[in-house]
Amino acid sequence: MSTVFKQQKSKRDKAEGIVEKSKDDTPVFRNKQRVLLLSSRGITSRHRHLLTDLGDLLPHAKKDAKLDSKSKLHIINELAELNNCNNCIFFEVRKRQDLYMWLSKTPNGPSVKFHIQNIHTMEELKMTGNCLKGSRHILSFDKNFESSPHWQLMKELFTQVFGIPKTARRIKPFVDHILSFSIVDNRVWFRNYQITEKPLEHRSATDTTDLTLVEIGPRFVMNPIRVFDGSFGGQTAFENPEFVSPNVARANIRNAKAGRYKSRMEAIAKKDEKLKEAEMPEDPLSENNVFA
């Protein structure tokens, strides 16, 4: 029985990053975050390029095949365990046009579901910024992340998912770009900047530093929908009351167009009715009646 307990305890410590003990018998924490990247069926080329860009920014990530089912998302927890990953980024595509991104801490949660908007990949932007593939980055967060508990939870989740451990295998020993997370209009805006030196001709005498930021890409906006206490499900810890489903937004646009068409048809019908009412009765002394 003690052997089983020790095995389970070692598995739990390994998942939490506690892999060894120091000389004074205190546990030593090591950041061993690994991220699983995968998408659902029906993903478009733009969404696939965005997933590839995120994979290039995260050298500690592992890619997996497309997931066939969109209703049984708990299967992703088993896939993450098979790939030895404790975080997951899942792209869920609906109607081949709406992209939803799940950020989850597998297998126990929490997880956040976002609606991705304003997607621009690296190939589309063609910015002048550049960084070494596999290098580490600095995470920059807006001060508004400390304003409410759900933003604080998202900040911690972003830190664990996008933060690259210094002990990862495929990283390069350089820090040359910044991932920026900013809150504007209750949405999280993602940007990627290169850290570079200013040219000599652009420096002024009042500059306190010779460093500047040049955007690399990709860029997108994350609109939070719900925060769950479990991984890919569970009780709802937070729900965004301002979120409007893309289906509802498209239905409102169609209804507005239909309303304009209906009002135009009604105006034409009223015009025809007025013309009929304005017609004068036939004169009995007209040429057609006299010489008939």
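Predicted model only: the values in this text are computed from it and were never measured. Reckoned from all heavy atoms, side chains included, excluding hydrogens, waters and symmetry mates.
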Should Ile225 and Asn240 be marked as a side chain to side chain contact (heavy atoms under 4.5 Å, CB included) after you check the CA-CA gap, both sets of side-chain angles, and the distance that decides it?
-> CA-CA 5 Å; Ile225 303 175; Asn240 187 4; 5.7 Å; no
Using salt bridge (charged side-chain N to carboxylate O under 4.0 Å, His left out) as the criterion, list what pairs up with Glu215, not counting sequence neighbours.
-> Arg191, Arg219
Which donor-acceptor pairs under 3.5 Å do side chains of residues 113-133 form with protein atoms, sequence neighbours excluded?
from, atom 1, to, atom 2, distance (Å)
Gln117, OE1, Arg187, NE, 3.2
Glu124, OE1, Thr121, N, 3.4
Glu124, OE2, Arg46, NE, 2.9
Glu124, OE2, Arg46, NH2, 2.8

Could you walk me through whether Asn87 and Thr106 pass the side chain to side chain contact (heavy atoms under 4.5 Å, CB included) check?
-> CA-CA 5 Å; Asn87 300 288; Thr106 59; 5.8 Å; no
Between Gln33 and Lys105, is any side-chain donor less than 3.5 angstrom from a side-chain acceptor?
-> yes
Any link between Leu82 and Ile75 through a network of hydrophobic side chains (Ile, Leu, Val, Met, Phe, Trp, Tyr) touching at under 4.5 Å?
-> no
Mark yes or no for whether Ser111, through its side chain, and Phe232, through its backbone, hold a donor-acceptor pair below 3.5 Å.
-> yes
Apply the test side chain to side chain contact (heavy atoms under 4.5 Å, CB included) to residues Trp189 and Phe220: give CA-CA distance (whole Å), side-chain angles for both, the deciding distance (0.1 Å), then the verdict.
-> CA-CA 6 Å; Trp189 296 63; Phe220 54 90; over 6 Å; no
Side-chain touch Asp64/Leu37, heavy atoms, less than 4.5 angstrom | no
Is the closest side-chain heavy-atom distance between Phe90 and Leu36 below 4.5 Å?
-> no
For residues 256-263, run the donor-acceptor check on the side chains, cut-off 3.5 Å, and write out each pair with its distance to 0.1 Å, sequence neighbours left out.
from, atom 1, to, atom 2, distance (Å)
Ser263, OG, Gly259, O, 3.2
Ser263, OG, Arg260, O, 2.7

From Arg250 CZ over to Asn252 CG, what is the distance, rounded to the nearest 0.5 angstrom?
-> 11.0 Å
Same apolar cluster: Leu99 and Leu58, side chain cutoff 4.5 Å = yes
Does the side chain of Ile183 reach to within under 4.5 Å of the side chain of Phe145, using non-hydrogen atoms?
-> yes
Is a side-chain donor or acceptor of Arg41 paired with a backbone partner of Asp68 at a separation under 3.5 angstrom?
-> no
Using the benzene-type ring in the case of Trp, are the ring centres of Trp151 and Phe141 under 6.0 Å apart?
-> no
What is the minimum heavy-atom distance between Pro224 and Met222, and which atoms define it?
-> CD-O, 3.5 Å
Verdict with reasoning, Cys85 to Lys62, per side chain to side chain contact (heavy atoms under 4.5 Å, CB included) | CA-CA 8 Å; Cys85 296; Lys62 296 181 180 179; 4.0 Å; yes
Side chains of Lys72 and Leu67 in contact at under 4.5 Å (non-hydrogen atoms) = no
Indicate if Phe238 and Leu103 have the same hydrophobic cluster label, given that clusters are the connected sets of ILVMFWY residues with side-chain heavy-atom separations under 4.5 angstrom.
-> yes
Least distance between heavy atoms, His177 atom then Ser135 atom = CE1-OG, 3.2 Å
Write down the atom of Ser40, the atom of Val93, and the distance for their closest heavy-atom approach.
-> OG-N, 3.0 Å
Residues His47 and Thr44: side-chain donor-acceptor under 3.5 angstrom = yes
Considering non-hydrogen atoms only, spot the tightest contact between Phe243 and Pro246 and give its length.
-> CZ-CD, 4.1 Å
State whether the number of non-hydrogen atoms from other residues, nucleotides or ligands found under 6.0 Å of Lys63 atom NZ is greater than 12.
-> yes
Aromatic ring centroids of Phe181 and Phe162 under 6.0 Å?
-> yes
Is there a donor-acceptor pair under 3.5 Å between the side chain of Asn192 and the backbone N or O of Gly217?
-> yes
Value rounded to 0.5 Å, distance of CD in Glu92 from OH in Tyr100 | 8.0 Å
Separation between CG (Asn247) and CG (Asp98), nearest 0.5 Å, reads 6.0 Å
Can you check whether Glu239's main-chain N or O pairs, donor with acceptor, with Arg226's side chain at less than 3.5 Å?
-> no
Name the one of Leu213, Asp176, Thr212 that satisfies side-chain contact (heavy atoms from CB on, under 4.5 Å) with Thr196?
-> Thr212
Would you call Cys88 and Leu38 a side-chain contact if the rule is heavy atoms closer than 4.5 Å?
-> yes
Given Arg264 and Glu266, is the salt bridge (Lys or Arg N to Asp or Glu O under 4.0 Å) satisfied, shown in steps?
-> CA-CA 5 Å; Arg264 188 167 65 250; Glu266 290 177 355; over 6 Å; no
Any side-chain heavy-atom pair of Ile171 and Pro59 under 4.5 Å = yes
Looking only at atom types and distance, does a side-chain atom of His60 sit under 3.5 Å from a main-chain N or O of Val161, one as donor and one as acceptor?
-> yes
Side chains of Pro107 and Ser231: does their closest heavy-atom pair fall under 4.5 Å?
-> no
So, the side chain of Ser140 versus the backbone of Leu179: is there a donor-acceptor pair under 3.5 Å, distance only?
-> no
Atom pair CG/OG of Asn144 and Ser182 - distance to nearest 0.5 Å = 9.0 Å
OG/Ser180 to CZ/Phe190 distance, rounded to the nearest 0.5 angstrom?
-> 9.0 Å
Answer yes or no: does atom CD of Glu81 have more than 12 heavy-atom neighbours from other residues, nucleotides or ligands under 6.0 Å?
-> no
Quick one: pull up CD1 in Ile164 and CZ in Arg170 and give me the separation to the nearest 0.5 Å.
-> 10.0 Å
Side-chain touch His137/Val175, heavy atoms, less than 4.5 angstrom = no
Is Met154 reachable from Ile89 through a run of hydrophobic residues whose side-chain heavy atoms are each under 4.5 Å from the next?
-> yes
Are Val35 and Ile76 in one and the same hydrophobic cluster, where Ile, Leu, Val, Met, Phe, Trp and Tyr link if side-chain heavy atoms are under 4.5 Å apart?
-> no
Say whether Gln152 and Glu156, considering side chains only, have a donor N or O and an acceptor N or O under 3.5 Å apart.
-> no
